[in-house]
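Reviewing the structure listed below.
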Amino acid sequence: KAGIELFVTPRGEASSAQVAAVGQYAQRVVTVCHKGADDPACQRAKVTQFPTVVVKGVANPGLKPRRWLETRSGCK
């Protein structure tokens with residue numbers, strides 16, 4: 001996973017856009033929080049906003065551009 005994990009909701013334009021920005025790596029790094037912040041996976045990661053990218057344990061809420069993701073993950 002290159003130290004990156006992406007938390008999204010199944011509905012929401014920003015979540016959809018973030019998944020698209022991740023591209024081919026989405027299946028490896030995306031966690032879908034079907035219950036939003038109440039989803040157990042999101043509670044464990046302390047995620048309350050969507051999308052949120054967690055890099056090496058640090059949560060970064062909000063939509064991130066592809067270049068930001070590439071820089072932090074080392075994946076292109």
Side-chain angles (χ1 to χ4, degrees):
K1 283 189 176 182
I4 237 176
E5 197 168 3
L6 169 59
F7 292 86
V8 299
T9 56
R11 297 174 303 276
E13 290 179 36
S15 285
S16 296
Q18 192 66 82
V19 171
V22 173
Q24 66 181 345
Y25 300 104
Q27 288 185 321
R28 297 182 199 161
V29 300
V30 172
T31 297
V32 179
C33 297
H34 293 280
K35 296 179 182 178
D38 293 329
D39 193 277
C42 291
Q43 287 180 338
R44 280 191 297 277
K46 297 181 172 96
V47 171
T48 59
Q49 297 176 342
F50 302 95
T52 292
V53 181
V54 177
V55 182
K56 298 177 184 168
V58 178
N60 300 275
L63 183 60
K64 304 295 182 234
R66 184 178 190 101
R67 187 158 182 86
W68 187 96
L69 296 165
E70 290 174 349
T71 299
R72 278 141 186 93
S73 69
C75 299
K76 294 185 179 194

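Here the structure is a predicted model, which is why all the values come from computation and not from measurement. For the single chain, residues carry numbers from 1 onward in sequence order. Just so it is clear, the values below take in all heavy atoms, side chains as well, and ignore hydrogens, waters and symmetry mates.
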Which heavy atom of [X] sits nearest a heavy atom of [Y], and at what distance?
X   : Y   : value
D39 : H34 : OD2-N, 3.3 Å
A26 : V19 : CB-CG1, 4.0 Å
V54 : A59 : CG2-CA, 4.2 Å

Applying side-chain contact (heavy atoms from CB on, under 4.5 Å), run through V30 and Q18 and close with a yes or a no. CA-CA 10 Å; V30 172; Q18 192 66 82; over 6 Å; no
Answer with yes or no whether the hydrophobic clustering places V55 together with F50; edges join I, L, V, M, F, W, Y residues whose side-chain heavy atoms lie under 4.5 Å apart. no
Taking F7 as the starting point, is it possible to reach L69 by hopping between hydrophobic residues whose side chains are less than 4.5 Å apart? no
Taking side chain as C-beta onward, heavy atoms only, is V53 less than 4.5 Å from W68? yes
Check whether any side-chain heavy atom of V22 sits under 4.5 Å from a side-chain heavy atom of R28, and report yes or no. no
Tell me, which pairs form a disulfide bond (SG atoms under 2.5 Å apart) where one or both residues lie in residues 32-62, sequence neighbours left out? C33-C42
Taking side-chain hydrogen bond (donor to acceptor under 3.5 Å, both in side chains) as the test, write out the residues that go with Q49, two or more places apart. none
[atom1]/[X] to [atom2]/[Y] distance, rounded to the nearest 0.5 angstrom?
X   : Y   : atom1 : atom2 : value
R66 : T71 : CZ    : OG1   : 11.5 Å
L63 : E13 : CG    : CD    : 11.0 Å
T31 : L6  : OG1   : CG    : 8.0 Å

